[in-house]
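Handing you a structure now.
Bear in mind that the values here come from a model prediction, so they are computed numbers and not experimental data. Just the heavy atoms: all of them, side chains too, but no hydrogens, waters or symmetry mates, feed the values below.
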Amino acid sequence: MASMNASLGYNQTTQPAQVSSGFMLRYLMAVVGIYLAVMTPVTITLAIRVAALAPDSKASSLGFILGVGALIAMVANPLLGQLSDLTRSRFGRRKPWVVGGMLVAVGALLGLGSAGSLMLVALYWWLTQIAINASLAALVAVIPDRIPKQQRGRLSALSGMSSNLAIFAGAAVINVVGTDDIWMFVVPGVLGLALVAVFAVRYPEPEVAELPPKPFRPMAMLRNFLFDPRQHPDFSWAWLSRFLVQYGASVMMTYQVYYLMDVVGFSHVTVGKPVFVASLLMGGAIVVMSLLSGWLSDVTGRRKVFVFVASLVYAAGLALLMVGSSFAMFLAAILVSSCGLGIYLAVDQALVVDVLPSRAEDAAKNMGIFNISNVAPQSLAPATAPLFLAIGGGGNYGALFCAAAVIAVLGALAVIPIKGVR
């Protein structure tokens, strides 16, 4: 049994065995499923529901709900990830959290779809964030658990493009079910649960009987998240780069619906179709660029140059939103930014896993610390966006996207000091 555990990644000094293409496909389906459940509300349906309940304060109300939800996710992800590190069940330590989290998320989305007040919308959304992050933290830890270094670029490419595939799939679902009832929340959640179940049923979760027991000590768990950047500078720079680039991505995702409504001129009834078209373009660009750059990264053994160029391209896409207000210009911005994001997401996660401080029993905890760089901008972007929008009297989307582009460029520069990878 010790050799089996080592081959599956529990021995930090031994490379896990290579996984099959079928495993990678099922993993991609699971990640897409989780993001389908959470990103459809983030990018489309939550904005529509908030606009219907509070049309005069929709931007600030959405910012508050998403901002607090992101703060909750920022705490929940690493803590629940560490609980999956501690789990010693007969089903393994990842699968109970992956599946259980999605079950709770579907229930919360059901409540969200029937909520008739902003307060209930907020409460159900925050519960959704907790549940989704329980599932996502355990699933992300499968990469250092199970994937050898020579395959991480390709799996990172699949995983990196998954959120944008989910955005496209969510837009397609909403285009079918509409935006007027509970199904716009429930259907993406149920589909996401089904995709996660396909992975969980076939995942060869290694037995944990021989792993040393790790008792649950809440204060010790909290102390584990005291991170000294001086001890792990490469990981710290990677964390900062993701944080800055993710801020730009969060601005785009959070405010694309209101940009199309306030600047381009669509209504809350008609905005679903242009979001679907934009998502189709985004998904295609991200899939092509992710697969190509992930493969090239593995072949060349280089990570930094891909991340650096990708951040600059993404910033250029954001900048295009400053020079026009037509739907055609919006689509051009989506195309350019999606090419950059596809390259970035494909390679950046492989870079992070390569510089992870520990990839043994604390994999989920360490990936959870890194995931803060994903979710913290989702709180910061809605909180700071009204400041930029208010410049010049309000509705200044040019200032908002300019700031996001500058911050994304800083994210590109942050990878330069990393020394542990090429």
Side-chain angles (χ1 to χ4, degrees), residues 42-44 46-71 74 118 122 167 240-268 271 274-275 278 282 311-338 340-341 344 373-414:
V42 167
T43 57
I44 307 175
L46 197 57
I48 293 172
R49 178 55 56 86
V50 169
L53 293 174
D56 295 332
S57 60
K58 63 180 187 294
S60 59
S61 297
L62 179 67
F64 173 75
I65 293 171
L66 288 176
V68 174
L71 285 174
M74 183 171 64
L118 283 179
I167 291 171
L240 180 61
S241 174
R242 175 63 73 96
F243 176 89
L244 295 171
V245 174
Q246 190 63 36
Y247 178 91
S250 297
V251 168
M252 174 74 83
M253 288 187 299
T254 303
Y255 288 95
Q256 66 169 340
V257 170
Y258 291 161
Y259 179 87
L260 290 170
M261 292 170 62
D262 295 344
V263 177
V264 183
F266 292 98
S267 70
H268 76 278
V271 76
V275 169
M282 177 189 299
S311 303
L312 294 180
V313 174
Y314 187 79
L318 289 174
L320 286 178
L321 293 173
M322 301 160 49
V323 300
S325 58
S326 66
F327 184 53
M329 183 60 73
F330 176 77
L331 291 180
I334 288 291
L335 177 61
V336 174
S337 62
S338 297
L341 195 61
Y344 184 88
S373 66
N374 283 323
V375 296
Q378 297 173 32
S379 177
L380 185 62
T384 57
L387 300 177
F388 299 109
L389 290 170
I391 295 174
N396 195 336
Y397 286 91
L400 175 63
F401 290 119
C402 177
V406 171
I407 291 172
V409 170
L410 294 176
L413 298 176

> Which distance, rounded to the nearest 0.5 Å, do you find between the OG of S338 and the CG of L331?
Replying inline: 10.0 Å
>> Is there a side chain to side chain contact (heavy atoms under 4.5 Å, CB included) between V257 and T43? Walk through the geometry before answering.
In response: CA-CA 7 Å; V257 170; T43 57; 5.9 Å; no
> Going from OG on S241 to OH on Y344, what distance comes out if it is rounded to the nearest 0.5 angstrom?
Replying inline: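 Output value for this atom pair is 3.5 Å.
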>> Walk me through whether Y397 and Y258 qualify under ring pair (Phe, Tyr, Trp, His ring centres under 6.0 Å).
In response: CA-CA 10 Å; Y397 286 91; Y258 291 161; 8.4 Å; no
> To the nearest 0.5 Å, how far apart are CZ in F330 and CG in L260?
Replying inline: 4.5 Å
> Rounded to the nearest 0.5 Å, how far does CG of L389 lie from OH of Y259?
Replying inline: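 Those atoms lie 12.0 Å apart.
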>> I need the minimum non-hydrogen distance between A333 and G317, along with the two atoms involved.
In response: CB-O, 3.3 Å
> CE/M252 to CG/L341 distance, rounded to the nearest 0.5 angstrom?
Replying inline: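 Answer rounded to 0.5 Å: 9.5 Å.
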> Taking all atoms of both residues into account, what is the closest heavy-atom pair of V409 and A315, and its distance?
Replying inline: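 Heavy-atom minimum between the residues: CG2-CB, 3.6 Å.
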> If you round to the nearest 0.5 Å, how far is CG of L71 from CG of L66?
Replying inline: 11.0 Å
> What's the verdict on side chain to side chain contact (heavy atoms under 4.5 Å, CB included) for N396 and F388, showing C-alpha distance, side-chain angles and the deciding distance?
Replying inline: CA-CA 7 Å; N396 195 336; F388 299 109; over 6 Å; no
> Is the shortest heavy-atom distance from the side chain of S61 to the side chain of L118 under 4.5 Å?
Replying inline: yes
> Do you know the tightest heavy-atom contact between A381 and Y247?
Replying inline: CA-CE1, 3.6 Å
>> Could you check whether Y255 and F401 have their ring centres less than 6.0 Å apart?
In response: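 No - the distance between ring centres of F401 and Y255 does not fall below the 6.0 Å cut-off.
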>> Could you report the tightest heavy-atom contact between I391 and A399, atom names first, then the distance?
In response: CD1-CB, 4.0 Å
> Can you name the nearest heavy-atom pair linking Y314 to G248, along with the distance?
Replying inline: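 For Y314 versus G248, the nearest heavy atoms are OH-O, 3.5 Å.
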> If every non-hydrogen atom of V50 is compared with every non-hydrogen atom of L62, which pair is closest and at what distance?
Replying inline: CG1-N, 3.9 Å
